Amino acid sequence: MAPFGSSSILTVDLGQQYIDFFESYRHALFSDPLSIFYSFAKGLGGETYGDWAYYLLSPTNLLLLPFSNTYLPIGILFLTILKYGLAGWSFAYALKSMRWQNGWRLPLFSVTYAMMGWFVANDLNLLWLDAAILLPLIIAGLERYIEGRSAWRFIAPLFAIFVINYYMAYMIGLFLVLYIIWRLFWQPYRLLERWHILRKFIFGSIISIGLSTVIWLPTAYTLLNSKGQHMLDNLSWKFEYQAPDLLGKLFLGTFNFDQMPSGLPNIFVGSLPIIMLWFFFTYRLIRWQTRLVAFFITAFLVVSMMYAPLNLMWHGFQFPVWYPYRFSYVFSFWVIWLAASVWSPTLRFSWTQLGSLFILAVAAVVYLYYRLDSLNFLTQNQLIIGGSFFLLLLGFHALPVRSGWWLPMVTLLVVGEMTTSTIWSLNNFSYLTNTEYTTYIKSLNQITADLPKSDKDFYRVAQSFQRTKGDPLQAHYNGASTFSSALEHQQSDFMAAIGQPEGDNYITYNGGTLVSDALLGMRYLIQPSGQEPHTSGTPTNMRTYSRSDTNGYYQMTKHTQMAVLSKNPYALPLAFAANTNALNVKFKDNDPLRNQSDLWNALLGYDNTPIFESANFDSSAATNMTAPTTITGPF
């Protein structure tokens, strides 16, 4: 990956959405601070405070400031690597503060945590990774707070995640409720001691939530006008897959593109935590109350990753679009946390523990082997290699005598398994080449460089080529396209009425007419030059919709090797006088030209002058099939 190779780190949403927000972040801090609150580069114009609250408030994003939009993929690569490191560091810090592990034993669990299946599967979702980084610090801070240390050890990191990403903070909040229940049964506390622990937890949580109100409260209000309309949509009271199939996700490398839209939870944590989880539940020297509550919490988390209503609860009562079971990182943390609480190089398993775990492992492998044809994320090689790592680690823990090489060998196996899984998963994706990205961005920057820049002048820019719906954010102009989880539904409704691509979280203006251009103030139009149509990343290669209807009407003002800029003399300003009939126009579904005509005539005050003429086909031609004699209506 650039700067070390020809590829880039850009794939899926990172390349299609987040990178545009990162450029808008740089532009806001350097040139346009008011765009933190509102921007006309967000579709037709909308509030952006909610976008910042969801996408951009991680302090680590400051590291992207030195990188121009052309070189942003390089900055994002470094930022991603840093977040892997911070996740491993935070878990190691938490274990050390708990006095559970130290020295060379820390990498066993810190590397496992940083390279767990959820983190690798979502490393392209940089905005979520801070939750996995802060969760160990939140738990460690809570433990120190309960012991009588400063409350800010708990309040500060919990406040931080509420500010950085309220969505992930909500999931952590639910998990903390489960954790404090387990914590109350950790020791044989008296009733009054349990009350003191619970009171501290409630106090610290309320302070954190209260301090972060300035972020999440206006954002919640914004969401009511966007995604909040669809709460509880498509709720079904059922299990979403065969429960034993989840065992397949405990094997290495079980994430690929097919798992993104509708896969199973990413809960790979390596073999050692699974071995130690079984030890935790079967070790009689741990209080039975502690083990029982831990078992019920584990079972609840597992069922939540299967049963649709519980899954919906963890996602704020809205089914996620792609990346299902986003909360599964709390399950992975829980398993690794329990494992780290009891593991040591001197640990001894009973033959009953070893034998029962071996039998369960063999049964799981046999089941998954016969289910391979139905599981698109698991192969026979993954079963063999994953099973081998498991048996080796189990065998090492069965050794009665452990010499000085025992710990280095176990560490090597753990790190090797996690590294193999990470490489396997990341290689399942295709990435945008660095040349393709830089070619496009340079072309876009060049053609838009001379657009007028004045605080007293308003106009929009239409385009007939597009890399992403966030092009206006990349080149800092007012467009009419965006891809945002906080998109106002009115924007989607209007775009649907005039015939533009739209959805709950995106709109695109790439099929405009002379009428819609004028109405929306599209003073400029950028089009591909026609050069290098087969070269990835050129505007001609990214053409979306020909605007030959503008020929003879718009005047060319700039021509580069890759793109053409023309000016629309009929573009209306942001505000203009019109007839109030426009407020009563009823749009018809799936008839965009009629809707544009009705709206235009209503603005003028009359409604019987058609501005579009319907022209039927007069002939047709066909290859490898029979051409219909009548064009309108047939299939």
Side-chain angles (χ1 to χ4, degrees), residues 101 104-105 107-117 120 243-255 264-283 298 302 331-332 335-372 375 377-425:
Q101 306 294 338
W104 290 103
R105 292 155 55 175
L108 281 169
F109 298 98
S110 61
V111 172
T112 295
Y113 184 72
M115 292 187 174
M116 62 184 177
V120 175
D245 287 352
L246 187 60
L247 294 170
K249 280 292 187 172
L250 297 176
F251 286 79
L252 71 181
T254 51
F255 185 68
L264 272 63
N266 295 296
I267 57 170
F268 173 76
V269 291
S271 299
L272 182 61
I274 301 302
I275 292 171
M276 293 312 304
L277 184 67
W278 181 250
F279 178 85
F280 183 94
F281 289 138
T282 57
Y283 190 46
T298 305
V302 170
F331 172 80
S332 298
V335 171
I336 302 171
W337 190 251
L338 291 181
S341 70
V342 293
W343 185 88
S344 77
T346 60
L347 195 68
R348 290 293 186 269
F349 283 73
S350 69
W351 288 109
T352 302
Q353 288 175 313
L354 291 170
S356 57
L357 181 57
F358 178 78
I359 292 171
L360 289 173
V362 170
V365 170
V366 170
Y367 169 81
L368 293 170
Y369 179 79
Y370 286 102
R371 286 282 294 165
L372 283 179
L375 303 176
F377 57 85
L378 190 64
T379 65
Q380 184 173 325
N381 286 339
Q382 287 167 289
L383 277 179
I384 294 172
I385 296 174
S388 299
F389 273 112
F390 184 88
L391 289 176
L392 284 170
L393 282 166
L394 189 63
F396 269 94
H397 284 82
L399 292 174
V401 178
R402 300 175 184 180
S403 59
W405 52 264
W406 187 88
L407 181 57
M409 286 301 298
V410 169
T411 303
L412 184 64
L413 282 172
V414 169
V415 174
E417 183 180 21
M418 301 309 297
T419 304
T420 303
S421 179
T422 299
I423 294 172
W424 207 324
S425 293

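None of the values given here were measured: they were computed from a predicted structure. Side-chain atoms are counted along with the backbone in the values below, which use heavy atoms only and exclude waters and symmetry mates.
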*When you measure from the side chain of Q382 to the backbone N and O of G253, does any donor-acceptor pair fall under 3.5 Å?*
yes
Tell me the closest heavy-atom pair linking [X] and [Y], and the distance in Å.
X	Y	value
L368	D245	CD2-O, 4.4 Å
T254	G248	CG2-O, 3.4 Å
V342	L347	O-CD1, 3.7 Å
N266	K249	OD1-NZ, 3.1 Å
R348	P400	NH2-O, 3.2 Å
R402	T346	NH1-C, 3.9 Å

*Residue Y369 excluded, over 12 heavy atoms near OH under 6.0 Å*: no
Distance (rounded to the nearest 0.5 Å) between [X] [atom1] and [Y] [atom2]:
X	Y	atom1	atom2	value
Y283	S350	OH	OG	10.0 Å
F279	L338	CZ	CG	12.5 Å
M116	S421	CE	OG	12.0 Å
L247	I267	CG	CD1	8.0 Å
L412	L108	CG	CG	10.5 Å
F268	I274	CZ	CD1	9.0 Å

Which pairs would a plain distance check flag for residues 386-398, meaning a side-chain donor or acceptor within less than 3.5 Å of a matching protein atom at least two apart in sequence or in another chain?
unit_1, atom_1, unit_2, atom_2, d
S388, OG, I384, O, 2.7
H397, ND1, L393, O, 2.8
H397, NE2, W343, NE1, 2.9

Does the side chain of [Y] come within less than 4.5 Å of [X]'s, by heavy atoms?
X	Y	answer
L375	F251	no
V414	V111	no
F331	T298	yes
T411	W104	no
M276	S341	no

N/O donor to acceptor pairs below 3.5 angstrom from side-chain atoms of residues 356-365, sequence neighbours left out:
unit_1, atom_1, unit_2, atom_2, d
S356, OG, W278, NE1, 3.2
S356, OG, T352, O, 2.8
S356, OG, Q353, O, 3.0

*After noting the C-alpha distance and the side-chain angles of L378 and L372, does the key distance pass the side chain to side chain contact (heavy atoms under 4.5 Å, CB included) rule?*
CA-CA 6 Å; L378 190 64; L372 283 179; 3.9 Å; yes
*Would W406 and V401 satisfy side chain to side chain contact (heavy atoms under 4.5 Å, CB included), going step by step from the backbone distance to the final call?*
CA-CA 9 Å; W406 187 88; V401 178; over 6 Å; no
*Strictly by modelled atom types, are E417 and T420 linked by a side-chain donor-acceptor pair under 3.5 Å?*
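No, because no side-chain N or O of E417 sits under 3.5 Å from a partner of the opposite role on T420.
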